[in-house]
2 protein chains.
Amino acid sequence: MNSHELFHTLHQLSRHLTNTLNEALKPLGLYGSQWSVIFVLKSKGSLTQKELCEYLFVEAPPMTRTIQRLVKQGYVLQVPGKDKREKLIQLTDVALKMFPLWEKTVIETNQSLMKHFPETSQEKLFHLQKSWLQQLL
Amino acid sequence: MNSHELFHTLHQLSRHLTNTLNEALKPLGLYGSQWSVIFVLKSKGSLTQKELCEYLFVEAPPMTRTIQRLVKQGYVLQVPGKDKREKLIQLTDVALKMFPLWEKTVIETNQSLMKHFPETSQEKLFHLQKSWLQQLL
DNA sequence: CCACTATAGTTACCTAGGTAACTAATTTCA
DNA sequence: TGAAATTAGTTACCTAGGTAACTATAGTGG
């Protein structure tokens with residue numbers, strides 16, 4: 001094992017997971033990146049764009065783009081925040097109604113992705129990656 | 001730990017590694033994806049585009065783009081292969097001369113990325129990733 | 001031989017993430 | 001108070017990976 005291999009498998013895994021989720025959400029008209037935003041909003045309630053960026057570790061421009069797309073789809077609203085700069089993002093009723101279906105799809109996809117990967121391995125993987133990431137940031 | 005967290009951490013790590021490498025290679029006029037192609041060509045010698053795609057697990061169109069960019073930069077040549085469809089990709093003398101510097105940069109970056117991540121953990125992580133990936137593909 | 005199928009690479013277009021630059025608004029501090 | 005610095009979000013543009021469709025070439029089998 002050298003670092004090339006470590007990095008390569010990591011990137012490859014990431015891409016594979018992304019592509020599989022996108023494929024699963026495609027019939028529902030969503031992409032993984034949009035689901036991530038929706039999921040966070042559902043879990044934590046309305047957030048500012050800044051908070052979304054911080055939570056999901058995504059830079060502002062792509063977050064703007066994702067949110068604008070979700071606004072266009074009618075799944076989120078941009079509501080003025082505590083001052084004139086700030087925008088609060090919240091889920092619409094449409095999104096709340098759709099959420100269970102989206103969630104079901106994601107959970108099934110994730111389970112299928114991890115079907116043959118033991119839970120102990122998942123836990124180990126998570127902790128190793130989290131540990132690495134934490135010392136990087 | 002739930003699958004959202006596992007996936008999120010993984011993607012985040014992947015992005016961080018990619019961005020850090022790109023930043024390091026930027027002064028040398030290279031991107032990580034180009035380096036990957038160069039590295040494989042240096043390791044294994046001339047390969048067809050198809051072989052490069054297979055080795056790096058990238059679809060043909062982005063590989064075409066990366067190669068075309070490398071051709072424009074004068075780092076690779078496209079040489080006719082065994083039939084009229086096939087193109088062999090090989091490193092130019094310029095690239096061979098530059099390679100040590102590129103490699104040094106990449107190695108230093110990688111080492112810095114892993115500085116506080118013990119080698120035993122790296123090995124464990126690699127094997128977990130590889131194991132998961134193998135049952136997915 | 002030739003129609004059909006498969007293959008290698010390309011083009012067009014999509015999403016996603018990033019940086020740089022920018023605008024408008026807010027905060028800071030002399 | 002007001003200039004300078006900071007902040008929240010946007011615009012422009014870049015790279016990277018993907019799918020669909022395509023072109024030219026090669027292989028297959030009746």
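Taking every side-chain heavy atom of B/R69 into account, D/dT15 is the closest of D/dT15, C/dT26, C/dT15. Residue B/K50 places its side chain closer to C/dG9 than to any other of C/dA12, D/dT10, C/dG9. Among the nucleotides D/dA16, C/dT26, C/dG9, the one closest to any side-chain atom of B/K87 is C/dG9. Of the candidate nucleotides D/dA26, C/dT26, C/dT10, C/dT10 has the atom nearest to the side chain of B/A60. Picking from D/dT19, D/dG17, C/dG18 the nucleotide with the shortest atom distance to the side chain of A/V58 gives C/dG18.
Rounded to whole angstrom, the span from the CD1 atom of A/I89 across to the P atom of D/dA8 amounts to 14 Å. In this structure, CG of B/L47 is placed 15 Å from C1' of C/dA8, rounded to the nearest angstrom. What separates NE2 of A/H11 from P of D/dG17 is a distance of 9 Å, to the nearest Å. One atom, CZ of B/R65, and another, P of D/dC14, lie 13 Å apart when rounded to the nearest Å. Across the protein-nucleic acid pair, B/E59 atom CD and C/dT15 atom P stand 18 Å apart, rounded to whole Å. Taking atom CD on B/E23 and atom P on C/dG17, their separation rounds to 18 Å, with Å as the unit. When rounded to the nearest whole Å, the span between CG of A/L56 and C1' of C/dG17 equals 13 Å. Rounded to an integer number of Å, the gap from CZ of A/F57 to P of C/dG17 is 14 Å.
Side-chain N/O atoms of B/Q12 and A/Q129 include no donor and acceptor closer than 3.5 Å.
The aromatic rings of B/W35 and B/F39 are tilted relative to each other, their planes meeting at an angle between 30° and 60°. Classification of the B/W132-A/F117 ring pair by plane angle, with boundaries at 30° and 60°, yields parallel.
DNA chain C is contacted by both B/R85 and B/R15; B/R85 maps to the nucleotide lying nearer its 5′ end (nearest heavy atom per residue). Toward the 5' end of DNA chain D, the nearer of the two residues B/P62 and A/Q49, judged by each one's closest nucleotide, is A/Q49.
The only option from A/K87, A/E86, A/E54, A/Q78 that meets the side-chain hydrogen bond (donor to acceptor under 3.5 Å, both in side chains) definition with A/Q49 turns out to be A/Q78. Of the options B/Y31, B/F99, B/W102, a ring-ring contact (aromatic ring centres under 6.0 Å, His included) to B/Y75 is made by B/W102 and by none of the others.
Taking side-chain N and O atoms only, A/Q68 has no distance below 4.0 Å to OP1 or OP2 of C/dT15. Remark: A/T64 is in phosphate contact with D/dT10, judged by side-chain N or O atoms under 4.0 Å from OP1 or OP2. OP1 or OP2 of D/dT10 sits under 4.0 Å from a side-chain N or O of A/Q78.
Using a 4.0 Å heavy-atom cutoff across all strands shown, B/S33 reaches sugar-phosphate atoms only and no base atom.
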